[in-house]
Amino acid sequence: MTALRDLLASNLEGVERRLAAACARAGRKRDEVTLIGVTKTVSIEVAAALVDQGVLDLGENRPQELWRKAALLPGHVRWHLIGHLQRNKIDRTVPLVRRIHSIDSLRLLEAVEAVGQPVEVLLEFNCSGETSKQGFAPTDADDLVAVLRGLSRVQVGGLMTLAPFEDDPERCRPIFVQLRRLRDELRRQVGDRHPLRELSMGMSNDFEVAVEEGATCVRLGTVLFAGLPEEESG
Ligand SMILES: *Cc1c(COP(=O)(O)O)cnc(C)c1O
């Protein structure tokens, strides 16, 4: 366990150094960016060790795995659902999460509103146009304005996107710029009804570029768990 702790501490130190440098380049403060540890590939023990290192925001992409880990990890962990939410899993997920990052259709947005509990969500945009990815198209933004004005319980905290994997993360920059402009435009049109503050963008491969372009949440898995023996992941 000491080896696990040392490895996580050292990975985290490297990530923090890179986050701080990216914030400095962009003239931003480190506390404007939340580091979400994505625990989908690791065991409860590894996730718990990450919490012990002070990473209190954790993300899972499958609702069932989020339920399972949330039941076993300390109550002060803030859970983020970052993958597709099936409508029959909404009721059980909403009470457990700090935020749902992955509202990828109008149907899902309306179903979450219908649950009748206050919850913060992010709208997932497919900015790259890849057919393998879920989410709203940038051209849907105009139609979303009226929908957002009509919501009474769901709070739209901002937008989320996944950039394609690129060997050179610079190539992801236009995607992050586009998401920021979409957020700014929606905020301008929707007004005060929703905060529309957050930009959830940036993963292990591209988080520094995302921070330079305004990310408020980066979702990191691989870079935090690099070097773990096989039996401790999955
Ligand atoms: C797995 C996952 C991540 C983390 O990806 P890494 O490249 O391992 O950092 C971030 N966001 C989403 C939506 C994911 O599914």
Side-chain angles (χ1 to χ4, degrees), residues 7-8 10-19 22 33-43 46-47 49-51 53 55-70 77-86 89 93 97-105 108 120-128 130-136 157-173 175-176 179 198-230 232-234:
L7 182 74
L8 289 180
S10 142
N11 287 351
L12 198 54
E13 197 184 302
V15 165
E16 279 299 338
R17 198 176 323 112
R18 292 169 62 186
L19 273 175
V33 184
T34 301
L35 163 60
I36 298 176
V38 177
T39 49
K40 68 186 180 196
T41 61
V42 301
S43 64
V46 174
L50 188 65
V51 173
Q53 295 289 329
V55 178
L56 297 183
D57 288 271
L58 298 184
E60 282 288 332
N61 65 337
R62 290 176 48 236
Q64 273 140 313
E65 183 62 11
L66 188 152
W67 304 343
R68 188 178 81 88
K69 286 202 174 90
V77 169
R78 296 178 290 260
W79 287 100
H80 299 260
L81 182 71
I82 61 173
H84 181 64
L85 177 59
Q86 298 80 4
K89 300 200 174 70
T93 303
V97 295
R98 166 75 181 79
R99 183 180 291 149
I100 298 170
H101 291 233
S102 40
I103 298 290
D104 51 17
S105 70
L108 179 61
E120 184 182 328
V121 305
L122 307 183
L123 306 178
E124 178 173 354
F125 274 81
N126 178 351
C127 294
S128 61
E130 291 165 287
T131 50
S132 61
K133 289 200 163 74
Q134 326 237 23
F136 294 99
L159 309 185
M160 180 269 219
T161 200
L162 279 105
F165 181 88
E166 298 282 0
D167 287 329
D168 177 6
E170 269 304 321
R171 296 176 62 106
C172 302
R173 193 179 295 274
I175 300 241
F176 300 142
L179 195 74
E198 307 292 333
L199 289 173
S200 174
M201 56 190 198
M203 310 187 357
S204 292
N205 187 53
D206 53 26
F207 69 94
E208 290 149 299
V209 176
V211 166
E212 288 170 18
E213 295 303 338
T216 62
C217 303
V218 292
R219 310 177 308 265
L220 304 182
T222 311
V223 72
L224 291 176
F225 302 117
L228 278 188
E230 279 302 314
E232 290 192 307
S233 47

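Ligands are counted one by one from 1 in listed order, and the atoms in each one are counted from 1 as well.
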Side-chain donor-acceptor contacts of residues 209-225 below 3.5 Å, not counting sequence neighbours, with atom names and distances?
{"from": "E212", "atom 1": "OE1", "to": "R173", "atom 2": "NH1", "distance (Å)": "3.1"}
{"from": "E212", "atom 1": "OE1", "to": "R173", "atom 2": "NH2", "distance (Å)": "2.7"}
{"from": "E212", "atom 1": "OE2", "to": "R25", "atom 2": "NE", "distance (Å)": "2.7"}
{"from": "E212", "atom 1": "OE2", "to": "R25", "atom 2": "NH2", "distance (Å)": "2.9"}
{"from": "E213", "atom 1": "OE1", "to": "R180", "atom 2": "NH1", "distance (Å)": "2.7"}
{"from": "E213", "atom 1": "OE2", "to": "R173", "atom 2": "NH1", "distance (Å)": "2.8"}
{"from": "T216", "atom 1": "OG1", "to": "E198", "atom 2": "OE1", "distance (Å)": "2.6"}
{"from": "T216", "atom 1": "OG1", "to": "L199", "atom 2": "N", "distance (Å)": "2.9"}
{"from": "T216", "atom 1": "OG1", "to": "L199", "atom 2": "O", "distance (Å)": "3.4"}
{"from": "R219", "atom 1": "NH1", "to": "T161", "atom 2": "O", "distance (Å)": "3.4"}
{"from": "R219", "atom 1": "NH1", "to": "S200", "atom 2": "O", "distance (Å)": "2.9"}
{"from": "R219", "atom 1": "NH1", "to": "S200", "atom 2": "OG", "distance (Å)": "3.0"}
{"from": "R219", "atom 1": "NH2", "to": "T161", "atom 2": "O", "distance (Å)": "3.1"}

Which N/O atoms of ligand 1 sit under 3.5 Å from a protein N/O, and at what distances?
{"from": "ligand 1", "atom 1": "8 (O)", "to": "T222", "atom 2": "N", "distance (Å)": "2.8"}
{"from": "ligand 1", "atom 1": "8 (O)", "to": "T222", "atom 2": "OG1", "distance (Å)": "2.5"}
{"from": "ligand 1", "atom 1": "9 (O)", "to": "S204", "atom 2": "N", "distance (Å)": "3.0"}
{"from": "ligand 1", "atom 1": "9 (O)", "to": "S204", "atom 2": "OG", "distance (Å)": "2.5"}
{"from": "ligand 1", "atom 1": "9 (O)", "to": "G221", "atom 2": "N", "distance (Å)": "2.8"}
{"from": "ligand 1", "atom 1": "11 (N)", "to": "R219", "atom 2": "NE", "distance (Å)": "2.9"}
{"from": "ligand 1", "atom 1": "15 (O)", "to": "K40", "atom 2": "NZ", "distance (Å)": "2.7"}

ask   = Taking everything shown except D167 itself, do over 12 heavy atoms lie less than 6.0 Å from its CG?
value = no

query = Distance-only, no hydrogens or angles: does the D104 side chain make a donor-acceptor pair with backbone N or O of H84 under 3.5 Å?
reply = no

task = Taking atom CZ of R171 as the centre, report whether more than 12 heavy atoms of other residues, nucleotides or ligands fall under 6.0 Å from it.
result = no

inquiry  = Using only atom types and a distance under 3.5 Å, with no angle test, would you say the side chain of S43 pairs donor to acceptor with the backbone of V46?
reply    = yes

message = For a 4.5 angstrom cut-off between non-hydrogen side-chain atoms, does D206 reach I175?
response = no

